[in-house]
Amino acid sequence: MNKSDVIVIGAGAVGSASAYFLARAGKKVTVLEKKDSCMGTGGATGGLLSWFTKKPGYHLELFLRSKVLFPQLAEELEGDIGLQYDVGTLQIIENELEYDLVKQSMLREDIPQGFHLEMLDHKQLHEYEPYMADDLTNALLIPESGYIDVFKYIYALVANAKRLGAEFHNETEVTGFLREGDRVIGVHTNKGDFYADTVVNCCGTWGGKIAAMLGYETLPIKPRRGQIVAMEPCGPRVMHMITSSSYQTVKFHPELITDETIKRTGYTFALEQSEAGTILINGTREFADFDKGITFDGIRLMIQGAAKVYPCLKDMKIMRMFSGLRPYTPDGLPIVGKLGDLEGFIMACGHEGDGIALSPITGSIVADLVCHGQTSFDISPLSSRRFL
């Protein structure tokens, strides 16, 4: 019988982090992945690590706990994870509404101790970003934010989990569950049955479908499509991670949006340039079920918006256009912990665009739940019961 201590379903950022933390704790871990690592949400997302994009309160606290773990992982994982901490990001301000919202955000009472925000004037902005359009006069500098290379990070987690004894089975799709009463004891797959004392659902966007196989069909994990454009490689043009202040409007003040296309696509944009010189433009936040296609409206808005900020993009060729699905929940928090009254089954999904940023703390929580049956801090806001 193929028996482990723990089965982790899904080998994206959260699944790979959970596998690593569990293997580090001495557990025998089997990871089942429908495709391959980075072929889901993890391979179609950016590497921004910023406290400023997190909702005040518990969401922000969760990120700050995760932030502490990234440097530790960079030290203990064999191989480079592409971590650049506190390199700073810029949030571009393009109109008076965005300026007013940014000024309000600078007065937030929940700014963590040791963190700060700084408004840049025209001269300062163009010292930071010399290729930016000259008519942009202000930007918000968020110094204590950083970046991680998503592919390096996930593959380092996979390699180090394997080094500690974890087994990864790609092209292995879960088709059902093995149960004894209210306890899950294993899974059916297209490659046979696997047994374990605990099964962990790290399927991200597909986490709700996995829960439905166990009779829990009401979890509101919905796919939210984010479209991405990759420009041809070039010399250094984008010196920092760049986000649009429209992101704050779309995420926290959607009632202020009047453009119907922006309402439908959830349009904003973020820019980053990889070590290889590729400039990535993303994204949209649109409900399109599990459709990963790209749309004219979404791509047009992203390219036009980015080219307004960086005119040099007008002379570059598009290398690739693609999209990824983010696992949305109504309150913006993931679902982590037991699923209803089931024993032997843990949820760890629904992170939307925070799967990378919150993967270390989620993996740590999963390991604590499996090894000790409890965590060192309150995770009740993440309970599945808030939706059941």
Side-chain angles (χ1 to χ4, degrees), residues 8 10-21 31 33 36-55 59-60 62-74 77 79-87 89 142 144-161 202-207 221 223-226 228 241-243 247 251 270-275 280 282-283 285 322-329 332-336 348-366 382:
V8 175
V14 173
S16 297
S18 297
Y20 172 72
F21 278 96
V31 183
E33 167 56 48
D36 197 349
S37 299
C38 290
M39 288 190 71
T41 300
T45 189
L48 176 65
L49 302 174
S50 175
W51 66 270
F52 189 67
T53 59
K54 307 301 176 279
K55 289 183 178 179
H59 193 190
L60 176 57
L62 202 61
F63 171 75
L64 295 178
R65 289 179 180 274
S66 205
K67 184 180 190 292
V68 173
L69 296 174
F70 275 109
Q72 296 175 19
L73 288 172
L77 292 176
D80 177 27
I81 65 172
L83 179 66
Q84 301 175 50
Y85 236 133
D86 294 348
V87 294
T89 59
I142 307 149
E144 294 84 17
S145 56
Y147 172 82
I148 194 164
D149 186 306
V150 174
F151 286 88
K152 286 182 178 180
Y153 171 59
I154 293 177
Y155 284 127
L157 288 170
V158 172
N160 283 271
C202 297
C203 290
T205 307
W206 292 267
I221 300 175
R224 207 172 196 181
R225 181 171 61 195
I228 301 174
M241 286 283 294
I242 305 295
T243 61
Y247 177 81
K251 188 169 185 178
L271 288 167
E272 61 185 79
Q273 187 167 17
S274 70
E275 291 180 2
L280 291 178
N282 55 100
R285 297 160 61 85
F322 59 105
S323 72
L325 302 176
R326 289 88 166 98
Y328 160 92
T329 63
L333 290 174
I335 301 170
V336 184
C349 49
H351 294 72
E352 197 170 350
D354 293 318
I356 303 297
L358 298 183
S359 57
I361 190 62
T362 306
S364 177
I365 290 170
V366 167
L382 308 179

Is there side-chain contact between [X] and [Y], with at least one heavy-atom pair below 4.5 Å?
X      : Y      : answer
Leu49  : Phe70  : yes
Thr41  : Thr205 : yes
Met241 : Val87  : no
Leu73  : Pro360 : yes
Leu325 : Arg224 : no
Leu64  : Val68  : no
Arg285 : Glu352 : yes

Which residues pass the side chain to side chain donor-acceptor pair (under 3.5 Å) test with Thr362, not counting sequence neighbours?
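So Thr362 forms a side chain to side chain donor-acceptor pair (under 3.5 Å) with His351.
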
Extract all donor-acceptor atom pairs below 3.5 Å that involve side chains of residues 147-157 and protein atoms in other chains or at least two apart in sequence.
from, atom 1, to, atom 2, distance (Å)
Tyr147, OH, Glu272, OE2, 3.3
Asp149, OD1, Phe151, N, 3.2
Asp149, OD1, Lys152, N, 3.0
Lys152, NZ, Asp80, OD2, 3.2
Tyr153, OH, Ser359, OG, 2.7
Tyr155, OH, Ser37, O, 3.1

Contact summary for [X] and [Y], nearest pair of heavy atoms:
X      : Y      : value
Thr89  : Ser145 : OG1-OG, 2.8 Å
Gly15  : Cys202 : CA-CB, 3.6 Å
Ile356 : Gly46  : CG1-O, 4.4 Å
Gly355 : Val14  : O-CG2, 3.8 Å
Pro327 : Gly204 : CB-C, 3.5 Å

Begin from the C-alpha positions of Phe52 and Thr243 and carry the test side-chain contact (heavy atoms from CB on, under 4.5 Å) through to its verdict.
CA-CA 11 Å; Phe52 189 67; Thr243 61; over 6 Å; no

Show, in sequence, the C-alpha distance, side-chain angles and deciding distance for Tyr328 and Ile221, and conclude whether the side-chain contact (heavy atoms from CB on, under 4.5 Å) test is met.
CA-CA 5 Å; Tyr328 160 92; Ile221 300 175; over 6 Å; no

Rounded at 0.5 Å granularity, tell me how far CD1 in Ile335 sits from CG in Leu382.
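That separation rounds to 9.5 Å.
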
Measure from the side-chain N and O atoms of [X] to the backbone N and O of [Y], and report whether any donor-acceptor pair falls under 3.5 Å.
X      : Y      : result
Ser323 : Gly226 : no
Ser16  : Ala11  : yes
Thr53  : Ser50  : yes

Who are the side-chain contact (heavy atoms from CB on, under 4.5 Å) partners of Ser364, not counting sequence neighbours?
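Scan of Ser364 (side-chain contact (heavy atoms from CB on, under 4.5 Å), adjacent residues dropped) gives Phe21, Leu69, Asp368.
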
Quick one, Arg65 with Leu358, criterion side-chain contact (heavy atoms from CB on, under 4.5 Å). Give me CA distance, side-chain angles, the key distance, then yes/no.
CA-CA 9 Å; Arg65 289 179 180 274; Leu358 298 183; over 6 Å; no

Measure from NZ or CZ of Lys67 to the centre of the six-membered ring of Tyr85, then state whether that distance is under 6.0 Å and the direction lies within 45° of the axis.
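The answer is yes, since Lys67 meets both limits relative to Tyr85.
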
Indicate yes or no: does Lys54 engage Asp354 in a salt bridge with an N to O separation below 4.0 Å.
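Looking at Asp354 together with Lys54, the answer is yes, because their closest N to O distance falls below 4.0 Å.
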
Evaluation steps, side-chain contact (heavy atoms from CB on, under 4.5 Å), between Trp51 and Ile142
CA-CA 9 Å; Trp51 66 270; Ile142 307 149; 3.7 Å; yes

